[in-house]
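Everything below concerns the one structure shown next.
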Amino acid sequence: MALTLTSSSLALEHTLSCLHKCSTEVELKQVHARMLKSGFFRDPYAITKFLSTCLSSSFSSYAQDVFLNGLDRPDTFLWNLMIRGLSSSDQPESSLLLYHRMLSSSATHNPYTFPFLLKACSNLSAFHETTQIHAHLTKLGYGNNIYSLNSLINSYAVTGHINHARLLFDRIQEPDLVSWNSLIKGYAKAGEMDTALTLFRNMPLPPEAGKKSNNAISWTTIISGYVQAGMNKEALQLFHEMQSSNVPPDKVSLASALSACAQLGALDQGKWIHSYADKQRISIDSVLACVLIDMYAKCGDMEEALRVFKNVSKKETRSVQVWTALISGYACHGLGGEVIRKFEEMQEKGVRPNAVTFTALLTACSYTGLVEQGKSVFYSMERDYKVKPTVEHYGCMVDLLGRAGLLDQANRFVREMPMKPNAVVWGSLLKACQIHGNVEMGERIGEMLIGMDPDHGGRYVHMAKIHAMGGKWDKAAETRRLMKEQGVAKVPGCSTITLEGTTHEFTAGDRSHEEIERIRTKWRSVRRKLEENGYVPELEDMLLVDLADDDEEREAIVHQHSEKLAVTYGLMKTKPGTTIRIMKNLRVCKDCHKVMKLISKMYKRDIVMRDRTRFHCVRDGKCTCGDYW
DNA sequence: GTAGGGTTAG
């Protein structure tokens, strides 16, 4: 008897280990069938294992089916298991629907049920459902349960109702770390970073301060708050402060800090974090791989991004997100060929592309002018991959067609899209009108767009240029005046260059840098050298945008553009042959682009420049964007 | 059981 038991539990273990390896539904069904046949499905442990495996590996609808049709009166524990699993599945709403069925079943709720349900609300960002569950759990007597309270605070915070969160928080007699962290996140989400930081600074240390990981969560909450607010420098400062406070960073805090590095283009700090993870033997899971690949890509180092990609373990490589991070990296480097190759390779490995993957593909086609390729990708999305195009994908297509000068097709695309075009879509079309000089269409769209989105400076700039192109100077001046009246500030151009760990920041016409006079002198000599080689300034991009009245004045302004100051500083401060890396917050203007190409040739320097949306890798007078940007 | 992390058009 003892022997049979052992062998049957061994067989169970074996079956369960097969379960983990399932990657298709057919495989899953086979294991399920084997479990049914051998009677394992009467074992509660086996059922639990089976359901949780399904739930955690994107077979949640299969789990639902088995749960609802294949089990006899599941107990509260199993209901909770299902509600929890579904709350973080790709359809969190099914978690709430299942709860409705639970209400009419023989099982009863327990204190665990509500945090799971609220998790579903958070993932759905569902405020209304949160209030309903709030009322419901209060009536059922869980109103003072700290887990439920914290989950409520979190749901209200996530859905952007910080006042609801605060009211609850203030009523808790002894808020714990989770309460504090959820509240802090709520203020961060609401953009109230000052309040969030004040709370963070003043929160009481946990009595059981030995739990270091808890401290790490508070730190990460505030750090990622800053990252989401676009305040990446502040985020990195806090990350350093975290270390000097002897709270060792874990995976999650490293991931936050890495995304700050990605946005700042801070390669050195990013590398440091990467090697820190290696030294601490922190394994690179798929999320860390994603942010590392993204960081290296956004810092201009695709070789290193690829190395990270190759080093992630087989299981992690399967994640769509990791593939997509790499593909997006190639896209923003304008490497259309690599994008397509990796896309194919990914499918050979059996990884299904998601909506984001397609955005990356379409972006790459747009950047490299692959119109036919882009169209075929777009039309294959739903047909071959069952990925429904969203407004973002339509936006990419408008951009693709518009850039290529196919304005009528782009226009038709907007009119025929099944959803309401957003400001970004119209913005792409407007920009295309400006690039290709379609005054009539441009004026029509520009007017509408300014009405739709009056705080967006870029629209006025395009609009003024379009009026000017049509010779309507009075209208151009009026647009400029309107922009001023609305108090819409043009975001100042800003370029940075990092040398020996110090980031130098330049804005247009800025004289605050301590070596500014030497830089200006150097630029004059660089300019002479370029002029001797045929350089004539390109003033087209500046038409009426800057407050200049004649070409001479425009020229003076264009020579003070921030990327010119940065590249000049790079020439001064680095050894011959060193690659110069520049990050810019706006798009590079035509003149600066021309200058970069000339410098790369005359001074034999590679220049890697990241602008608002993509990379320009300039070598020997040529840019990887092929002058198509 | 509740709190912190990923790729995305302009």
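Sequence lines set the chain letters: A, B, ... in the order given, protein chains first and strands last, and positions in each chain run from 1.
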Proximity to the side chain of A:Val424 - top-ranked nucleotide from B:dT7, B:dA9, B:dG10: B:dG10
Residues A:His134 and A:Thr131: side-chain donor-acceptor under 3.5 angstrom: no
Sugar-phosphate only, base, or nothing, as touched by A:Asn422 at under 4.0 Å among non-hydrogen atoms: base
Members of residues 148-161 of chain A that approach DNA chain B, where some heavy atom sits under 4.0 Å away: A:Asn150, A:Ser151, A:Asn154
Pair A:Thr76, A:His109: side-chain N/O donor-acceptor within cut-off below 3.5 Å: no
Residue-phosphate contact under 4.0 Å: A:Arg403 side-chain N/O, B:dG10 OP1/OP2: yes
Charged tip of A:Arg352 within 45° of A:Tyr385 ring normal and under 6.0 Å: no
Between P of B:dT8 and OH of A:Tyr394, the distance in whole Å: 22 Å
Phosphate-side-chain proximity, A:Lys342 and B:dT7, N/O vs OP1/OP2 below 4.0 Å: no
Touch class at under 4.0 angstrom, heavy-atom based, for A:Asp285 against every strand present: base
A:Thr159 versus A:Ser125, side-chain donor and acceptor atoms under 3.5 Å: no
Nearest to side-chain heavy atoms of A:Val178, which nucleotide of B:dG5, B:dA9, B:dT2: B:dT2
Sugar-phosphate, base or nothing in reach of A:Leu288, heavy atoms under 4.0 Å: base
Any A:Tyr367 side-chain nitrogen or oxygen under 4.0 Å from OP1 or OP2 of B:dG10: yes
side-chain N/O A:Lys431 vs B:dA9 OP1/OP2, d < 4.0 Å: no
Nucleotide B:dA9, atom C1' - distance to CZ of A:Phe413 in whole Å: 13 Å
Sugar-phosphate only, base, or nothing, as touched by A:Val391 at under 4.0 Å among non-hydrogen atoms: base
Atom pair distance, as rounded to whole Å: NE2 in A:His393 and C1' in B:dG10: 15 Å
A:Ala325 side chain, from C-beta outward: closest of B:dT7, B:dG10, B:dA3: B:dT7
A:Phe116 CZ - B:dA3 C1' separation (whole Å): 15 Å
No-hydrogen, no-angle side-chain donor-acceptor test under 3.5 Å, A:Ser218 and A:Asn215: no
Atom pair CG (A:Asn110) and OH (A:Tyr142), whose distance is rounded to the nearest 0.5 Å: 6.0 Å
Interatomic distance where CG belongs to A:Leu118 and C1' belongs to B:dT2 [whole Å]: 9 Å
Which nucleotide in B:dA3, B:dG6, B:dG10 has an atom nearest any side-chain atom of A:Ser319: B:dG6
CA sep, side-chain torsions, deciding dist, call: A:Phe200, A:Trp219, ring pair (Phe, Tyr, Trp, His ring centres under 6.0 Å): CA-CA 8 Å; A:Phe200 173 76; A:Trp219 280 97; 4.9 Å; yes
Nucleotide nearest A:Val252 when distance is taken to its side chain, options B:dG10, B:dG5, B:dA9: B:dG5
Touch class at under 4.0 angstrom, heavy-atom based, for A:Val322 against every strand present: base
A:Lys251 NZ - B:dG5 P separation (whole Å): 16 Å
Selected nucleotide, minimal atom distance to A:Thr359 side chain, candidates B:dG10, B:dG6, B:dA9: B:dA9
A:Tyr187 side chain to A:Arg166 side chain, donor-acceptor N/O pair below 3.5 angstrom: yes
Nucleotide B:dG5, atom C1' - distance to CG of A:Asp294 in whole Å: 12 Å
Exercise: do A:Lys119 and A:Ser95 side chains pair donor with acceptor under 3.5 Å: no
From B:dA3, B:dG5, B:dG10, nucleotide with atom closest to A:Leu177 side chain: B:dA3
Nucleotide nearest A:Cys290 (side chain, heavy atoms from C-beta), chosen from B:dG5, B:dG6, B:dT2: B:dG6
Any A:Arg587 side-chain N or O less than 4.0 Å from OP1/OP2 of B:dG10: no
N or O in side chain of A:Gln228 less than 4.0 angstrom from B:dG5 OP1/OP2: yes
Nearest listed nucleotide, side chain of A:Asp399, among B:dT2, B:dA3, B:dA9: B:dA9
Spacing of A:Ile217 atom CD1 relative to B:dG5 atom C1', expressed in whole Å: 11 Å
Side chain of A:Tyr112 - closest among B:dA3, B:dT8, B:dG1: B:dG1
Sugar-phosphate, base or nothing in reach of A:Ser366, heavy atoms under 4.0 Å: nothing
Sugar-phosphate, base or nothing in reach of A:Arg84, heavy atoms under 4.0 Å: sugar-phosphate
Side-chain donor-acceptor pair present, A:Thr113, A:Asn80, cut-off under 3.5 Å: yes
